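Here is the structure we will look at.
Small disclaimer: the values here were computed from a predicted structure and weren't measured.
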Amino acid sequence: MTRQPRPLRIGNASGFYGDRFDAMREMLTGGELDVLTGDYLAELTMLILGRDRLKDPGAGYARTFLRQLEECLGLARERGVRIVANAGGLNPAGLADAVRQLADRLGLPVRVAHVEGDDLTAANPGSLAAHAYLGGFGIAACLREGADVVVTGRVTDAALVTGPAAAHFGWGPGDHDRLAGAVVAGHVLECGAQATGGNYAFFHEAAKSGADLRRPGFPLTELHEDGSCVITKHPGTGGLVDVGTVTAQLLYETAGARYAGPDVTARLDTVRLTQDGPDRVRVDGVRGEAPPPTLKVGVNRLGGFRNEVAFVLTGLDIEAKADLVREQLTDALAKSPPAEVRWDLVRTDRPDAPSEETASALLRLVVRDPSQEAVGRALSGAAIELALASYPGFHVLAPPGKGSPYGVFEDVHVPQGGVDHVAVLHDGRRIPVPPAHDTVVLDEVPEPPLPRPLSHGPTVRAPLGLVAGARSGDKGGNANVGVWVRSDDAWRWLAHELTVDRFRQLIPESGPLKVTRHPLPHLRALNFVVEGILGEGVAAQHRFDPQAKALGEWLRSRHLDIPEILL
């Protein structure tokens, strides 16, 4: 009988640039690991790093990663743990050099490699940063050649797992099912503590069951040669890992059944989750397909300047007070109005309130314009001049400033062969990484059959969140809201009740926008994609919640008729 390779233990120590600094040490000391990954990049991060590099051409990478390595590189070396991180951002070669200098200073014989080829800024005139999302085979090439530390620029988040897995198990580009399993594992790990109870819809239930959510541990996967895995965390760390926490993260920032990447398209409608013991969730059944023929490119550019002011309206006549200040500022800005003006009245006030704060509403004014002058001095002057000449009780949360630049994100696509994907080894050798040779144009999956509806019975008007969890997030200007339930009966109700029309009723902002519903029956989940709700992306700060992080929680708070049997 052929002996199966032992599972590859891959942990995560960062879900974003600014995540818990001590996580790297915690993961290295908390239990056995083979590879430790760190995800430092997001759409907004690339814009921030781009602005950093304008000031300093040697910048452009996540500096906290270096500080973490200063404490932990020796520990990783001692324990035989390889480190793979996308902290290179816009300058992976620069970060690799900095890591080598650090290793020399610490007296550690560490082989450092990096991956490049994602930078397409020169091919996108007017952009601050334009980077293709590369796959994991550049990382795999570095690891196969003996790298102890691999840093990359813009790769897909899941590539931090698919690369080590391909290197360890010897997978090739045609191992679609295995690669798809690693993509799912990588997607669960990529956001750190979101897989271990962080930002979890049913956090109060988890706490009652004994989980300590004050400081969740970071996740790890035990990945098998066939692509199946177990999601878990180090013993004794906070948080929890159960089918719910893993489902929530699977739905985060995804869309339909096909989850496309540069290495493989993973079929999320084939994922099966099983509780495999305390803080252990088995993930199997994942099927993969050939990747699409193009690569996504994230393009960041400066969109102009923005400014905002929040007027505090207290007590009686809130609407009339809001109307007055709107009219006054509209008149004051009439000579040179900003290109975009947005007013939002946030009714946080209560009648007969016991405190001044709870008696107050906020009227937010946000302006944008290509000219800093149009949103800066013109607005601040007009607003300040109203201080003694407007509604009773006039004051603002903070005076408007001079206006700040904002970014715009868009994604474009280039052919798989349109980038020079290269693994740059510790000894300077450069290994070209060929593009996927087997590709398939991405099509929507036909809608699966729905379960039979739940039998009619008494209903109660109640919040959706009593029976359903949700997690939401951003992809450029679009938002997704994943909604799931925990029983077959609840799924029979949700699948028929939460239609696109019902979603539009519950989330009025989505009314004029395109909303697409994607059922995922194995997960008892629906994933809604709302196009354009975030304008030109998170950096444009188009709405109150610019990354749609709480859109799912708003949906859960909305009331509808829920069968009594589910409550």
Side-chain angles (χ1 to χ4, degrees), residues 197-211 213 240 242-252 273 275 346-354 358 447-473 479-511 513 515-530 533 544-545 548-567:
N199 302 348
Y200 184 43
F202 298 112
F203 72 99
H204 55 295
E205 294 182 21
K208 288 179 181 177
S209 69
L213 299 181
L240 81 160
D242 67 11
V243 169
T245 65
V246 174
T247 299
Q249 180 55 29
L250 270 178
L251 294 172
Y252 181 63
L273 305 179
Q275 197 71 40
V346 185
R347 295 299 302 263
T348 52
D349 56 303
R350 305 175 194 169
D352 194 21
T358 56
E447 183 162 326
L450 298 179
R452 59 187 177 87
L454 195 64
S455 300
H456 291 292
T459 61
V460 176
R461 193 75 177 172
L464 173 63
L466 294 184
V467 295
R471 180 164 286 166
S472 54
N480 92 291
V481 184
V483 185
W484 82 95
V485 290
R486 297 175 290 179
S487 71
D488 289 338
D489 280 349
W491 171 238
R492 288 169 59 193
W493 171 75
L494 183 76
H496 294 277
E497 173 64 24
L498 196 54
T499 61
V500 168
D501 286 343
R502 179 73 74 224
F503 184 94
R504 291 184 192 277
Q505 292 170 10
L506 298 174
I507 305 295
E509 271 186 271
S510 68
L513 304 174
V515 179
T516 306
R517 185 181 99 147
H518 302 281
L520 298 168
H522 289 335
L523 300 177
R524 299 193 193 101
L526 301 170
N527 208 352
F528 293 87
V529 177
V530 186
I533 193 170
F544 168 68
D545 174 16
K549 295 290 190 182
L551 190 58
E553 286 301 294
W554 179 23
L555 178 66
R556 292 182 71 234
S557 74
R558 299 307 308 271
H559 289 224
L560 65 171
D561 295 325
I562 300 176
E564 276 187 359
I565 194 174
L566 301 180
L567 297 172

Inset, instruction - Output, in order, the C-alpha distance, side-chain angles, deciding distance and verdict of side-chain contact (heavy atoms from CB on, under 4.5 Å) for V467 and L494. - result: CA-CA 9 Å; V467 295; L494 183 76; over 6 Å; no
Legend entry - All pairs passing salt bridge (charged side-chain N to carboxylate O under 4.0 Å, His left out) where residues 515-525 contributes a residue, at least two apart: E447-R517, D488-R524
Inset, instruction - Return the minimal non-hydrogen interatomic distance between V530 and F503, and the atom names on each side. - result: CG2-CE2, 3.7 Å
Inset, instruction - Return the minimal non-hydrogen interatomic distance between T499 and F528, and the atom names on each side. - result: O-CE2, 4.1 Å
Inset, instruction - Taking the side chain as every heavy atom from C-beta outward, state whether L250 and L273 have any pair of such atoms under 4.5 Å apart. - result: yes
Inset, instruction - For the residue pair V483 and L251, establish whether any side-chain heavy-atom pair is separated by less than 4.5 Å. - result: no
Legend entry - Test ring pair (Phe, Tyr, Trp, His ring centres under 6.0 Å) applied to Y252 - qualifying residues, sequence neighbours left out: none
Inset, instruction - Could you grab the distance from atom CG of N199 to atom CG of L213, nearest 0.5 Å is fine? - result: 10.5 Å
Inset, instruction - Report the C-alpha separation of L520 and W484 in whole Å, then their side-chain angles, then the decisive distance to 0.1 Å, and conclude whether the side-chain contact (heavy atoms from CB on, under 4.5 Å) test is met. - result: CA-CA 9 Å; L520 298 168; W484 82 95; over 6 Å; no
Legend entry - Salt bridge present between K208 and E205 (N-O < 4.0 angstrom): no
Inset, instruction - Just grab all the side chain to side chain donor-acceptor pair (under 3.5 Å) pairs involving residues 448-457, residues at least two apart or on different chains. - result: none
Inset, instruction - Look at the side chain of D561 and the backbone N and O of T459, then say whether any donor-acceptor pair between them is shorter than 3.5 Å. - result: no
